[in-house]
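Everything on this sheet refers to the single structure shown next.
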Amino acid sequence: MPGGVSSPVRAFGAVGGTPPFIRKGSGAYIEDVDGRRYIDLVMSWGPLILGHSHPEVAEAVRAQVALGASFGAPSEPELALAETICRLVPSVERVRLVSSGTEAVMSAARLARAATGRRRLLKFAGGYHGHYDPMLEQGGSGLATLGLEARSVETAVAPYNDLAAAEEVLAGGDVAAVFVEPIAANMGVVAPAPGFLEGLRAACDESGTLLVFDEVITGFRVALGGAQERFGIRPDLTVLGKIIGGGLPVGAYGGRDDLMRLVAPEGPVYQAGTLAGNPIACAAGLATLRVLERDPPYARLEAAAERLAEGLHDLPVAVSRSASLLTVFFADQVPVNYEGARRSDLEAFGRLHGAMLADGVYLPPSQFEAWFLSTAHDGEVLDSLERALAANLERIIAAR
């Protein structure tokens, strides 16, 4: 495998060393093949909001496996998941299930182009919307290389949180869609500035452009209805993933009824997938959403993230937090865009990563990623995290 991994974000190139190979996970912990145990702050990059091997999710998977893994035909789990998404996410009137967030972005872009008759797209520097060439320009997650068509004139890029720059691009009247992470989480966590998302909605309305929220990370993570519920803004299309699969591969795009009726077989916008709506992934996602709806954990998760952030308040680091998403930057101030995030001390972060790993804490192996908490990160786990973070940060800062 290139680099020994199936996805580059799993490699330790940015922080040094070799990644542990994980054998199992339980609650807030993972264990590698050598028997070492770690508190997990990656949580499969966000899907495991209930922790590893949650009993209800595991049982849903077991029950569906006994019935069949894949049919290539409509199944009850996908219908139930689609109905649940449409009921909980404010803007989603109809939804199409796919197999990954990247596939959902590609499909949403194609739909937006068909609906508007325009080809140009607008994204924001540091925003990551999958490995889709038109979206890789100035992509986040520490992206080092670009796709072959990433510098296409059909993709405009503006700084995140710079409404004036976005309005200038949209004023040309030739942009099909604006793709935005409502809370940026692939340049590290960067919250939207007051008025930024509201301004994008107004600018899109004025220019006839579709507003697309990429809620692959924020969907069901920052509120039951995602960031659009949290901020009270209704996009035209929404891209989902991660939590709606409960830890299994999944993606979805949905939105206004009139737009989604353009998708085949009802409309002319062709999109298909052999494993789309996979019943096992849908069963896991549906079980996860049922737990979240029955016992919403959002206040508890946010309080846990705030506790970690407050514990570092007296140290010369910048802790960027939005809802339960957070990132520690070795910087003088919390970044508001990609350029600010890139000015942080990446070598110091690499030292922190290695020190925390040695102390049994698995952080994302990149400065440009969110840290994810789950309902399994209880008081005892948070106590251990606080001690390890404070001790290692103090040592690293003293040595700088």
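Numbers here simply count residues along the sequence, with the first being 1.
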Roughly how far, to the nearest 0.5 Å, is the CD atom of Glu394 from the CG atom of Asp314?
9.5 Å
Are Glu198 and Arg201 close enough for a salt bridge, meaning some N to O gap below 4.0 Å?
no
Under 6.0 Å between the ring centres of Phe196 and Phe124?
yes
Exam field: side chain Ser320 to backbone Val334, donor-acceptor pair closer than 3.5 Å
no
As a test of understanding, state which of Gln367, Glu369, Met187, Arg321 forms a side chain to side chain contact (heavy atoms under 4.5 Å, CB included) with Thr327.
Gln367
Say whether Leu163 and Tyr160 are linked into one hydrophobic cluster, either directly or through other cluster members, by side-chain heavy-atom distances under 4.5 angstrom.
yes
Distance (rounded to the nearest 0.5 Å) between Phe220 CZ and Ile243 CD1
8.5 Å
Test your reading of the model: is there a side-chain donor-acceptor pair from Arg110 to the backbone of Tyr270, 3.5 Å cut-off?
yes
Exercise answer: donor-acceptor pairs, residues 278-292 side-chain atoms, under 3.5 Å, sequence neighbours excluded:
unit_1	atom_1	unit_2	atom_2	d
Asn278	OD1	Ile280	N	3.0
Asn278	OD1	Ala281	N	3.1
Asn278	ND2	Ala69	O	2.9
Thr288	OG1	Ala284	O	3.0

Tell me, which pairs form a salt bridge (charged side-chain N to carboxylate O under 4.0 Å, His left out) where one or both residues lie in residues 176-189, sequence neighbours left out?
none
Can you pull out every salt bridge (charged side-chain N to carboxylate O under 4.0 Å, His left out) where at least one residue sits in residues 82-99? Sequence neighbours excluded, please.
Arg87-Glu293, Glu93-Arg234, Arg94-Asp257, Arg94-Glu266
Atom CZ of Phe12 and atom CG of Leu357: how far apart are they, to the nearest 0.5 Å?
5.5 Å
For the backbone of Val361 and the side chain of Asp359, can you confirm whether one donor and one acceptor N or O come within less than 3.5 Å of each other?
no
Identify the heavy atoms of Gly130 and Thr102 that sit nearest to each other, and give their distance.
CA-OG1, 3.1 Å
Interatomic spacing from CZ in Arg221 to NZ in Lys242 - rounded to 0.5 Å:
10.0 Å
Please test Phe368 against Arg342 for side-chain contact (heavy atoms from CB on, under 4.5 Å), starting from the C-alpha separation and ending with a verdict.
CA-CA 8 Å; Phe368 305 110; Arg342 291 173 64 187; 4.1 Å; yes
Report yes or no: do Asn337 and Asp162 form a side-chain donor-acceptor pair below 3.5 Å?
no
Any donor and acceptor pair, going by atom type alone, linking the side chain of Gln64 with main-chain N or O of Gly68 inside 3.5 Å?
yes
Heavy atoms of Asn161 and Ala191 approach each other most closely as ND2-O, 3.1 Å
For the hydrophobic clusters of this structure (ILVMFWY residues joined by side-chain heavy atoms under 4.5 Å, transitively), does one cluster hold both Val95 and Leu79?
no
By the side chain to side chain donor-acceptor pair (under 3.5 Å) test, which pairs, at least two apart or in different chains, include something from residues 38-50?
Asp32-Tyr38, Arg36-Tyr38, Asp40-His52
If you apply the rule side-chain contact (heavy atoms from CB on, under 4.5 Å), what do you find for Val180 with Leu211, and how did you get there?
CA-CA 8 Å; Val180 63; Leu211 178 61; 4.2 Å; yes
Gap separating the CG atom of Leu326 from the CG atom of Leu312, nearest 0.5 angstrom:
8.5 Å
Cluster link Val269 to Tyr132, ILVMFWY, side chain under 4.5 Å
yes
Pairwise distance CD1(Ile396) to CD(Glu347) - rounded to 0.5 angstrom
12.0 Å
When every non-hydrogen atom of Ile39 is compared with those of Ser384, the smallest separation belongs to CD1-CB, 3.8 Å
For the residue pair Gln271 and Ser107, confirm or rule out a side-chain donor-acceptor distance under 3.5 Å.
no
So, the side chain of Ser100 versus the backbone of Glu103: is there a donor-acceptor pair under 3.5 Å, distance only?
yes
Is there a continuous path of hydrophobic side-chain contacts, each under 4.5 Å between heavy atoms, that joins Ile397 to Met356?
yes
Using 4.0 Å as the upper bound for N to carboxylate O, is an ion pair formed by Arg118 and Asp174?
no
Could you tell me which residues satisfy side chain to side chain contact (heavy atoms under 4.5 Å, CB included) with Ala304, sequence neighbours excluded, listed by chain and number?
Leu373, Leu382
Which atoms form the tightest heavy-atom contact between Val178 and Cys204, and what is the distance?
CG2-SG, 3.7 Å
Kindly work out whether a path of hydrophobic side-chain contacts (I/L/V/M/F/W/Y, heavy atoms less than 4.5 Å apart) joins Leu224 to Leu81.
yes
Search all heavy atoms of Leu48 against all heavy atoms of Gly247 and return the closest pair with its distance.
CD2-CA, 3.9 Å
Taking only residues at least two apart or on different chains, which pairs with a member in residues 248-268 satisfy ring-ring contact (aromatic ring centres under 6.0 Å, His included)?
none
So which atom in Gly208 and which in Thr116 form the shortest heavy-atom distance, rounded to 0.1 Å?
O-CG2, 4.1 Å
